[in-house]
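Take a look at the structure below.
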Amino acid sequence: MFLTSYLLFLHIDKKQTMQQLSEQEIVRRENLQKIRDLGIDPYPPEQFDVTAFAADIAANFEEEVLEDGKKQGLNYQEVSLAGRVMASREAGKALFMNIQDSSGRIQLYLRREEICPGEDTTLFDVVIKKLLDLGDFVGVKGFAFRTRTGEVTIHVKEFVFLSKSIRPLPIVKRDAEGNVFDAFTDPEQRYRMRYVDLTVNPQYKDIFIKRSKLLAAMRRYFDNQGWLEVETPILQPIHGGAAARPFETHHNTLDMPLYLRIANELYLKRLIVGGFDGVYEIGKMFRNEGMDRTHNPEFTSMEIYVAYKDYHWMMAMVEECLEYVAKAVLDGATEVQFGDHVINFAGPYERISILGGIQKYTGKDVAAMDEAQLRQFCKELHIETEDNWGRGKMIDEIFGETVERHLIQPTYVIDYPIEMTPLAKKHRTHPGLVERFELYVNGKEIANAYTELNDPIDQRERFEDQMKLRERGDEDAMALDEDFLRSLEYGMPPTSGLGIGIDRLAMMLTNQQAIQEVLFFPQMRPKQ
RNA sequence: GAUCUCGUAGCUCAGCUGGUAGAGCACUUGACUUUUAAUCAAGGGGUCCUGGGUUCGAGUCCCAGCGGGAUCACCA
């Protein structure tokens, strides 16, 4: 009974599925079955040993001219390579293919009399010419040579199926003049089906290779300093360390709400309290806010805390670190093209105070203004103020409106109003300010750092100020974390901390204007 | 969240003031032993994003919805 209905279901399902398939998909499924009927496994379990890569052969093949005028290859005369079939050109009893492996593409040359030396020409005439489709993975053995037109090509002696593709790829084609046909450029399609994007637009792989080099280089730099890479909770009962709306989830056994972290700052500082000199974490943060070309709901952040240091030391460290990372990503260069500008990551970077910056670009001294005068200045700049904004918020807005866009080369903006920054230590000489810097590149913030606040009494007061802001309607104001305060009460050494937005840095180093281009799988609204 | 804009074959796109849905590549069949977006000949392929409306008639005009992109607001 159950079996019958299950089979019936399968039958109906298959029928419905077949109806939705395109002609090309049906043909490919039929080809798959015909291959099986010929006793060939289209998905063989055995490994295929690869001995060469397309790009290496194309770049390094050498040949000599013999006495009789014939040419003889000097290397790659017995190679085994594998990849996806990206083009196929039949020429009667011969056939040209292009296959693509992880390194690039190379042409294959197959002749019937060599693939099928005997009477039975099924393998060449049926399997390779009819049943092979673009997108299939194949393995070949043969030798390299140069065709009349000069293209390095593999003369194939043996051919095997490695995996059948039953869905047509949107293969991009280029003619001799470099004109592109059928470009797969729709961002929606590219992001939703990144596997297709990477296959048919392999140039985008370079962005992700650079991103990987960036992360590896940053880890290497920190590890060389002797600092410890750590992991802290992503599921947090209190979402602290930043001003942002969190994602909320629920733990069944504990029967309590948990939040996906918006920051890991408070946990990393607990580890400094616990006695580590330097800790860093590279990981995902989650913020339940808008999505656009510079914001994804989950993003990668690097945060580092080093004991007995202050923010001046941190600025020097960041200059050295970013120069090191840039060289690793840019093959030794520190300069990179980004949009219309050339950014140079070699230090030292210009330093400008937030108040000095406003003075420089507006000629006004906002330090001397009271709240009412600041509000008036905002009005002159066409900044719409809200009633609950204090001096700090307005100064921050004025800065954003008048200064940020001028900061193209890496620039430290230092010494922020205390209201905006509840986790940083009060400035050693300027009342009302904290010891904080942000690093701006191309008008965008990519790093944020403090001399960390380690006075537990001051920290408690700052949290209480945040709670007042929350009562005034600021949903993003920071929550008081009692356990974090307890840790400070036990004593935290003087410490400097830093956060870097890795995605943004990756965008800078790869000249990409959209965060989606440096994320393999950016968040998208589900279809249907 | 607001404004603008786009959605047509597997891919890239055309489709006029409303009148039987098109091209190139891909696919199918055939020819071709150094081709290269191979070529040549023939052929098949559509929920025109979805749902309403106007009209004798809608891919086209109107409304709503879904999805994308751009700009803006908040944020890193």
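Residue A:Asp292 has its side chain nearest to B:A73 when only B:A73, B:C27, B:A37 are considered. The nucleotide whose nearest atom lies closest to any side-chain atom of A:Met524 is, among B:G68, B:U28, B:U33, B:G68. Looking at the side chain of A:Tyr191, the nearest of the listed nucleotides B:A76, B:C11, B:G69 is B:G69. Which of B:U35, B:U12, B:A37 sits closest to the side chain of A:Arg148 comes down to B:U35.
We find that the ring of A:Phe96 and the base of B:A38 do not stack by the test of centres under 5.5 angstrom and planes tilted less than 30°.
A:Arg287 comes within 4.0 angstrom of a nucleotide base, judged by non-hydrogen atoms across all strands. Residue contacts shown for A:Glu445 are limited to sugar-phosphate atoms, with no base heavy atom under 4.0 Å away. Across all strands, A:Lys93 comes closer than 4.0 Å to base atoms (heavy-atom distances). Note on A:Gly501: nothing from the nucleic acid sits closer than 4.0 angstrom, heavy atoms only. Note on A:Ala183: only backbone sugar-phosphate atoms sit closer than 4.0 angstrom, heavy atoms only; bases stay farther off. A:Asn296 comes within contact range of at least one nucleobase, with a heavy-atom separation under 4.0 Å. Within 4.0 Å (heavy atoms only), A:Lys393 reaches sugar-phosphate atoms of the nucleic acid but no base atom. If you check every strand for non-hydrogen atoms under 4.0 Å, A:Phe286 touches nothing.
The gap from the P atom of B:A37 to that of B:G15 amounts to 28 Å, rounded to the nearest Å. For the P atoms, the distance from B:G44 to B:A23 is 11 Å, rounded to whole Å. Rounded to a whole angstrom, the distance from the P atom of B:G22 to that of B:G43 is 14 Å. Rounded to a whole angstrom, the distance from the C1' atom of B:C25 to that of B:G67 is 27 Å. Taking the P atoms as reference points, B:G30 lies 45 Å from B:U17, given to the whole Å. Between B:C16 and B:C11, the two P atoms lie 22 Å apart (nearest whole Å). The C1' atoms of B:C6 and B:A41 are separated by 39 Å, rounded to the nearest whole Å.
Judged by Watson-Crick or G-U wobble contacts below 3.5 Å, the nucleotide B:C13 has B:G22 as its partner. B:C4 and B:G69 make up a base pair, with Watson-Crick or G-U wobble contacts both under 3.5 Å. B:C74: no Watson-Crick or G-U partner with both key distances under 3.5 Å is found in any strand. Nucleotide B:C27 forms a pair with B:G43, judged by Watson-Crick or G-U wobble geometry with both contacts under 3.5 Å.
Taking the six-membered ring where tryptophan is involved, the planes of A:His155 and A:Tyr109 are perpendicular, since the angle between them exceeds 60° and thus also 30°.
OP1 and OP2 of B:U28 both lie 4.0 Å or more from every side-chain N or O belonging to A:Lys129. A:Arg525 has a side-chain polar atom (N or O) that falls below the 4.0 Å cut-off from OP1 or OP2 of B:G68. For B:C32, neither phosphate oxygen OP1 nor OP2 lies less than 4.0 angstrom from any side-chain nitrogen or oxygen of A:Arg89. At least one side-chain nitrogen or oxygen of A:Arg192 sits closer than 4.0 Å to the OP1 or OP2 atom of B:G68.
Cation-pi contact between A:Arg190 and A:Tyr204: present, with separation from the ring centre below 6.0 Å and deviation from the ring axis of at most 45°.
Annotation: side chain of A:Phe437 is not in contact with side chain of A:Arg351 (no heavy-atom distance under 4.5 Å).
With 3.5 Å as the limit, one finds no donor-acceptor pair spanning the side chains of A:Asn60 and A:Asp56. A:Arg28 and A:Ser165 form a side-chain donor-acceptor contact under 3.5 Å, judged by distance and modelled atom types alone.
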